[in-house]
Amino acid sequence: MTHRVVQWSTGNVGRHAIAGIDAHPELELVGVWVSNPDKAGRDAGELAGLGRTLGVEATTDADALLALEPDCVVYTAMADDRLMEALADLQRILRAGVNVVSSSPVFLQFPDGVVPEEVSGPVRAAATEGGASLWVNGVDPGFANDWLPLVLTGVCERIDEVRCFEILDYSTYENRKVVFDIMGFGGPLDETPMLLQPGVLSLAWGSVVRQLAAGLGVELDAVEESYERLPAPSAFDISCGTIAEGTAAALRFEVRGMRGGRPVCVLEHVTRLRPDLGPDWPQPSGQGCYRVQVTGEPNYTLDLRLVGTDGDHNTAGLKATAMRLVNAIPAVVAAPPGLLTALDLPLVTGRGLVS
């Protein structure tokens with residue numbers, strides 16, 4: 001069975017989603033939404049950098065795309081700085097009876113205990129009204145801290161702590177708004193960026209530790225957060241700007257799910273803009289990796305190394321986010337209406353094995 005799909009945005013993740021939809025034997029791309037009028041009328045293959053046309057022109061007309069009655073929308077529009085608009089978009093699509101796989105808002109990955117009912121309730125109501133499903137996921141929050149660690153725990157006798165890491169160099173990440181404005185890189189260390197405002201880390205990644213706990217049958221007592229930053233020892237350039245000497249150039253944070261006064265499910269990010277920064281912090285396998293550490297009996301460490309075909313680990317991370325969504329479309333379409341979590345879906349595999 002072929003599912004008709006609309007891609008919603010063509011940015012860092014969206015363009016990889018277009019390529020993934022085109023490559024998937026069970027999916028058909030029927031529409032593309034863009035926010036930039038300059039992209040309207042351009043072919044999806046061109047916007048995705050495929051070097052060929054797909055015969056689907058991008059549009060800014062959301063109503064026209066929903067009128068196509070697609071089976072699913074892949075929603076990859078950025079929500080970090082437009083949260084209410086993104087929630088409104090999702091509700092609109094769901095009310096139209098269209099299923100959605102989305103990379104944001106990330107707290108909808110597992111909202112229970114993370115956001116109040118007045119935030120998640122309208123999304124659930126829209127899904128019920130339209131008889132459609134929403135699944136929010138990606139690679140982090142997503143696969144690297146839901147099914148990857150949960151599968152690993154299946155070979156444990158005893159589990160004391162599950163810790164999920166992202167250990168990446170963001171110097172090649174082409175998104176100035178995220179790197180500079182949201183994460184605060186290149187800014188004064190005495191100024192607190194959006195990401196590090198009190199409660200924001202727990203809002204963004206609290207879903208990770210709560211979903212892990214739910215998957216393990218553990219009830220958390222609390223969720224805590226902490227962070228530390230390091231300055232640039234000298235000025236240097238990254239792909240989306242310049243980092244001045246003395247400004248923020250490395251970030252390490254934790255979101256800890258607590259039980260009985262100790263951490264049991266932990267999300268830790270180690271983000272550098274130069275590999276020599278924070279030498280005593282956890283180091284990646286290869287250029288960058290997602291790591292799962294299970295402490296118990298026995299102890300396990302599993303590294304998922306990222307390398308794109310262009311040689312860059314950040315390209316691989318963006319592709320992973322896109323394909324986590326694209327490959328889940330058949331399962332989400334088949335699922336009952338509502339707000340889904342990773343725990344609600346069967347194991348999602350890829351397609352297109354080369355014979």
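As the structure is a prediction and not an experimental result, all values here were calculated from the model.
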Other cluster members, Val101 - Ile/Leu/Val/Met/Phe/Trp/Tyr, side-chain contacts below 4.5 Å: Val5, Ile18, Ile21, Leu27, Leu29, Val32, Val34, Leu47, Leu50, Leu54, Val56, Val74, Trp135, Met323, Leu325, Val326, Ile329, Val332, Val333, Leu340, Leu345

Contacts of type side-chain contact (heavy atoms from CB on, under 4.5 Å), residue Glu129, not counting sequence neighbours: Arg95

Contacts of Gln293 that satisfy side-chain contact (heavy atoms from CB on, under 4.5 Å) - sequence neighbours left out: Arg163, Phe165, Arg291, Thr301

Any Leu65 side-chain heavy atom under 4.5 Å of Val73 side chain: no

Glu219 atom CD: more than 12 heavy-atom contacts under 6.0 Å: no

Residues Leu230, Trp281; criterion side chain to side chain contact (heavy atoms under 4.5 Å, CB included); working and verdict: CA-CA 11 Å; Leu230 297 176; Trp281 290 359; 3.6 Å; yes

Euclidean distance, Phe236 CZ relative to Leu277 CG, rounded to 0.5 Å: 5.5 Å

Considering all heavy atoms, the nearest Gly241-Arg176 contact: CA-NH1, 3.6 Å

Polar side-chain atom of Arg305 near backbone of Gln287 as donor-acceptor pair, under 3.5 Å: no

Pairs satisfying ring pair (Phe, Tyr, Trp, His ring centres under 6.0 Å), at least one member in residues 285-307, at least two apart: none

Salt bridge (charged side-chain N to carboxylate O under 4.0 Å, His left out) contacts touching residues 237-248 (sequence neighbours left out): none

Cluster overlap Met78 with Leu108, hydrophobic side-chain contacts below 4.5 Å: no

Interatomic spacing from SG in Cys265 to CZ in Arg259 - rounded to 0.5 Å: 11.0 Å

Smallest separation among heavy atoms of Cys289 and Leu168, with atom names: N-CD2, 3.7 Å

Polar side-chain atom of Asp43 near backbone of Gly55 as donor-acceptor pair, under 3.5 Å: yes

Set of salt bridge (Lys or Arg N to Asp or Glu O under 4.0 Å) partners for Glu174, sequence neighbours left out: none

Linked, directly or transitively: Leu267 and Ile159 (ILVMFWY side chains, under 4.5 Å): yes

Within-4.5 Å side-chain heavy-atom neighbours: Pro111 and Val119: no

Side chain to side chain, Ser226 and Arg256, heavy atoms closer than 4.5 Å: yes

Side chains of residues 182-194: which donor-acceptor pairs under 3.5 Å do they make with residues two or more places apart or in other chains?
none

Shortest non-hydrogen contact from Pro263 toward Glu161: O-OE1, 3.5 Å

Whether Thr10 side chain and Arg15 backbone form a donor-acceptor pair below 3.5 Å: no

More than 12 heavy atoms from other groups under 6.0 Å of CD on Glu85: yes

Leu339 vs Arg124, side chain to side chain contact (heavy atoms under 4.5 Å, CB included): CA-CA, chis, key distance, verdict: CA-CA 6 Å; Leu339 180 52; Arg124 286 191 169 98; 4.0 Å; yes

Side chain proximity check, Ser102 to Leu134, heavy atoms < 4.5 angstrom: yes

Any pair counted as ring pair (Phe, Tyr, Trp, His ring centres under 6.0 Å), so long as it reaches residues 308-332, sequence neighbours left out: none

Side-chain atoms of residues 147-154: list all donor-acceptor pairs with protein atoms under 3.5 Å, sequence neighbours left out, distances to 0.1 Å.
| from | atom 1 | to | atom 2 | distance (Å) |
| --- | --- | --- | --- | --- |
| Trp147 | NE1 | Ala342 | O | 3.1 |
| Thr153 | OG1 | Leu150 | O | 2.6 |

Single-linkage hydrophobic cluster Val13~Ile93, side-chain heavy atoms < 4.5 angstrom: no

Minimal non-hydrogen separation, Ala214 against Phe110, with atom names: CB-CZ, 3.7 Å

Joint hydrophobic cluster, Phe107 plus Phe253, side-chain heavy atoms closer than 4.5 Å: no

Partner of Asn12 under side chain to side chain contact (heavy atoms under 4.5 Å, CB included), chosen from Thr76, Thr315, Thr321, Asn175: Asn175

Nearest-0.5 Å distance that lies between atom CG in Asp38 and atom OG1 in Thr60: 11.0 Å

Under 3.5 Å: donor-acceptor pair, side chain of Arg274, backbone of Ala232: no

Please list every donor-acceptor pair under 3.5 Å in which a side-chain atom of residues 198-207 meets a protein atom from a residue at least two apart or in another chain.
| from | atom 1 | to | atom 2 | distance (Å) |
| --- | --- | --- | --- | --- |
| Ser202 | OG | Glu225 | OE1 | 2.6 |
| Trp205 | NE1 | Asp140 | OD1 | 2.9 |
| Ser207 | OG | Gln109 | NE2 | 3.1 |

Residues which pass side-chain contact (heavy atoms from CB on, under 4.5 Å) with Arg92, listed by chain and number, not counting sequence neighbours: Ala62, Asp63, Leu66

Sidechain-backbone polar pair: Arg4 side chain, Glu69 backbone, donor-acceptor under 3.5 Å: yes

Derivation and outcome, side chain to side chain contact (heavy atoms under 4.5 Å, CB included), residues Glu166 and Val270: CA-CA 6 Å; Glu166 178 187 89; Val270 179; over 6 Å; no

Side chain to side chain contact (heavy atoms under 4.5 Å, CB included) assessment of Asp160 paired with Arg158: CA-CA 7 Å; Asp160 298 327; Arg158 188 189 76 249; 3.0 Å; yes

Side-chain donor/acceptor of Asn314 to backbone N/O of Asp169, under 3.5 Å: yes

In one Ile/Leu/Val/Met/Phe/Trp/Tyr side-chain cluster, 4.5 Å: Val266, Val255: no

Where Ala144 and Cys164 come nearest, the two heavy atoms and their spacing: O-SG, 4.1 Å

Any donor-acceptor N/O pair, Asn145 side chain to Gly142 backbone, under 3.5 Å: yes

Expected output: side-chain Asn299 to main-chain Gly296 donor-acceptor under 3.5 Å: yes

Distance-minimising heavy-atom pair for Gly246 and Pro231: O-CB, 3.7 Å

Polar side-chain atom of Asp22 near backbone of Ala19 as donor-acceptor pair, under 3.5 Å: no

Pairs involving residues 43-68, ordered by first then second residue, that meet ring pair (Phe, Tyr, Trp, His ring centres under 6.0 Å) (sequence neighbours left out): none

